[in-house]
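Structure record follows, encoded as structure tokens.
For the numbers below, each heavy atom of this structure counts, side chains included, while hydrogens, waters and symmetry mates do not. Letters A, B, ... are given to chains in the order of the sequence lines, protein chains preceding strands, and every chain is numbered from 1.
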Protein chains: 2
Amino acid sequence: MVEQADTLRRTPLSRDRILRAAVALANEAGIESLSMRNLAQDLGVVPMALYKHVANKDELLDGMIDVVVGEIDPLVPGADWKHMVRRRILSARQVLRRHPWAPLAIESRNMATPAILAYLDSMVGAFRAGGFSADLAHHVMHAMGSRILGFSQELFDAARRAGRSGTTVPDSPAALPPGVAARFPHLAEIATAASHDDESVVGQGCDDQFEFEFALDLLLDGIERLHQQGWTSSRRPR
Amino acid sequence: MVEQADTLRRTPLSRDRILRAAVALANEAGIESLSMRNLAQDLGVVPMALYKHVANKDELLDGMIDVVVGEIDPLVPGADWKHMVRRRILSARQVLRRHPWAPLAIESRNMATPAILAYLDSMVGAFRAGGFSADLAHHVMHAMGSRILGFSQELFDAARRAGRSGTTVPDSPAALPPGVAARFPHLAEIATAASHDDESVVGQGCDDQFEFEFALDLLLDGIERLHQQGWTSSRRPR
DNA sequence: ACCTGAACACCGTTCAAGT
DNA sequence: ACCTGAACACCGTTCAAGT
């Protein structure tokens with residue numbers, strides 16, 4: 001019956017089960033708590049057992065990234081490249097909100113995982129199908145940078161660094177301590193300047209979603225303009 | 001004379017000397033080689049001696065970031081906000097090219113170090129002096145994100161992740177291995193599509209500086225347009 | 001042949017013993 | 001009072017000994 005208890009507790013280990021447990025651990029305890037030893041313990045397994053399924057911790061992280069990227073909605077075909085791209089990027093953003101450790105993990109590792117390559121490839125395909133030259137599509141992908149994966153490096157985003165999910169504290173410049181505000185008057189001024197609908201809502205921090213869409217649309221509108229103008233990088237001085 | 005040799009080898013330790021040595025170590029050996037123990041050894045000092053001048057490793061990293069940000073040219077006053085901002089961002093980019101570990105270090109820590117706050121404050125000041133409302137300046141700062149500090153999270157940038165300086169290998173999509181190119185045709189297509197001046201230069205990778213300026217100008221042009229139109233975030237549905 | 005405990009080579013940091 | 005060696009509580013990963 002010890003036998004039976006064992007089989008109950010540990011369903012056979014697999015790469016998939018390891019990756020899902022790792023993602024769950026990172027979501028709940030923060031990425032800094034993700035060690036091979038902690039992960040093994042969560043799985044009721046000896047640390048060395050993990051190495052049967054993942055070569056090392058870096059490969060584990062790559063696998064976790066692919067789990068996350070796999071959660072992004074597929075591109076829904078449509079006539080309008082702009083809405084297709086916009087919609088999918090906002091979907092990616094929702095996914096990353098559930099996995100706050102992922103942006104930093106993606107940035108700190110090479111991005112050439114299968115799921116990321118497939119994602120990027122389909123996004124390029126959307127631009128090409130929308131009539132973009134390969135040349136313009138190339139530069140546009142660079143200009144979008146990681147924003148095409150639904151995240152941006154906000155200047156004041158503590159939640160992301162902590163790698164925890166949970167309450168979205170408005171820790172934008174609005175939270176400037178008094179002494180800091182006095183020394184940096186321009187920051188203090190704009191901290192409470194997101195007027196939005198209700199002018200009286202000052203010092204509330206800012207609306208992450210609004211800021212993201214503002215920046216995204218700034219880029220997409222500019223890209224649309226270049227596309228309509230038939231922009232090309234040729235003839236520029238080298 | 002042992003006494004003398006000692007004083008020669010170790011000029012008195014100071015926070016400044018520690019930070020400079022740490023930056024040099026990260027530049028030369030990569031950020032992953034920066035440990036308190038390695039740093040102490042470089043300084044000819046016992047590891048615990050560092051803790052007299054920096055509280056812990058996180059504070060050391062903050063100090064290193066401020067050393068780097070301090071190298072960015074000051075804003076040169078001028079009538080045109082766009083050129084002022086553009087110029088300083090490109091200066092910041094040059095600085096960060098000398099410290100390839102810095103972008104990831106900045107992203108992985110909170111950005112509220114004195115030098116970064118001063119930098120951001122002066123950039124906001126430039127927008128305000130250019131006639132921007134505090135409201136627009138707020139959203140513009142968010143939209144610029146870390147690009148205002150001269151870096152962007154490029155999708156294929158191995159050098160940055162390695163944290164080493166050195167030869168800038170063109171490891172853009174151009175370097176797609178054959179098997180990968182076959183599975184991701186759109187990526188393969190745009191990889192060699194940066195026509196630039198000479199149409200025959202295919203598969204050369206891409207010009208980092210061009211891509212950065214392309215994205216920067218896309219943003220600045222869009223921002224200029226909003227500013228000229230008197231854009232405001234009021235009246236949007238909440 | 002497979003699995004796994006102990007061990008190795010590191011970390012950042014605490015703390016008590018030495019001067 | 002100051003400095004610092006040893007120690008603590010961790011890492012990722014190797015390797016050899018056990019089944």
Side-chain angles (χ1 to χ4, degrees), chain A residues 2-15 17-19 21-23 25-26 28-65 101 104-105 108-110 161-164, chain B residues 2-15 17-19 21-23 25-26 28-65 101 104-105 108-110 161-164:
Chain A
V2 162
E3 185 76 343
Q4 196 183 32
D6 270 0
T7 35
L8 276 178
R9 191 167 1 94
R10 30 170 134 159
T11 26
L13 208 54
S14 71
R15 182 181 159 89
R17 216 163 79 82
I18 290 172
L19 294 182
V23 168
L25 178 57
E28 285 149 30
I31 191 75
E32 78 284 353
S33 297
L34 179 78
S35 68
M36 299 301 272
R37 286 159 140 107
N38 282 345
L39 178 56
Q41 190 175 302
D42 276 20
L43 287 160
V45 137
V46 82
M48 286 307 99
L50 301 175
Y51 286 83
K52 270 282 133 55
H53 302 92
V54 291
N56 49 44
K57 193 178 181 183
D58 281 350
E59 203 199 82
L60 174 76
L61 282 167
D62 281 349
M64 293 168 66
I65 289 168
W101 50 271
L104 206 54
S108 56
R109 297 215 31 77
N110 80 53
R161 263 164 284 282
R164 289 178 272 89
Chain B
V2 162
E3 184 76 342
Q4 196 184 31
D6 270 1
T7 34
L8 275 179
R9 190 163 6 93
R10 31 171 133 159
T11 24
L13 209 53
S14 71
R15 182 181 159 88
R17 215 163 80 83
I18 290 173
L19 294 182
V23 168
L25 177 56
E28 284 150 31
I31 191 75
E32 78 283 354
S33 298
L34 180 78
S35 68
M36 299 301 272
R37 286 161 141 105
N38 282 346
L39 177 57
Q41 190 174 302
D42 275 20
L43 286 160
V45 137
V46 81
M48 285 309 98
L50 301 175
Y51 287 82
K52 271 282 134 51
H53 302 92
V54 290
N56 50 41
K57 193 178 179 182
D58 282 349
E59 203 199 82
L60 174 75
L61 281 167
D62 282 350
M64 291 169 67
I65 289 168
W101 50 270
L104 206 54
S108 55
R109 295 214 33 78
N110 79 52
R161 262 164 285 282
R164 289 178 272 91

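Taking atom CD on Glu32(B) and atom C1' on dG12(D), their separation rounds to 15 Å, with Å as the unit. Rounded to an integer number of Å, the gap from CG of Leu13(B) to P of dC3(D) is 10 Å. Atom-to-atom, CG of Leu50(B) to P of dC3(D) comes out at 13 Å; the value is rounded to the nearest Å.
For dC3(D), one of the phosphate oxygens OP1 or OP2 lies less than 4.0 angstrom from a side-chain nitrogen or oxygen of Lys52(B). Considering only side-chain N and O atoms, Asn38(B) lies under 4.0 angstrom from the phosphate OP1 or OP2 of dC11(C).
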Let me have the donor-acceptor pairs involving side chains of residues 39-53 of chain B, under 3.5 Å, with sequence neighbours excluded, atom names and distances please.
from     : atom 1 : to       : atom 2 : distance (Å)
His53(B) : NE2    : Leu13(B) : O      : 3.3

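A salt bridge (Lys or Arg N to Asp or Glu O under 4.0 Å) check over residues 55-64 of chain B, counting only residues at least two apart or in different chains, returns the pairs Arg15(B)-Glu59(B), Asp58(B)-Arg109(B), Asp62(B)-Arg109(B).
Remark: Leu25(B) CG to Trp101(B) CH2 distance equals 10.0 Å, nearest 0.5 Å. Between the CG atom in Asn56(A) and the CG atom in Leu60(A) there is a gap of 9.0 Å [rounded to 0.5 Å].
With sequence neighbours left out, the salt bridge (Lys or Arg N to Asp or Glu O under 4.0 Å) criterion links Arg37(B) to no other residue.
Helical stems in DNA chain C, defined as runs of 3 or more consecutive Watson-Crick or G-U wobble pairs with donor-acceptor distances under 3.5 Å: C:4-8 with D:12-16, C:12-16 with D:4-8.
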Table of protein N/O atoms under 3.5 Å from nucleotides 13-17 of chain D N/O atoms:
from    : atom 1 : to       : atom 2 : distance (Å)
dT13(D) : OP2    : Tyr51(A) : OH     : 2.9
dT13(D) : OP2    : Lys57(A) : N      : 3.0

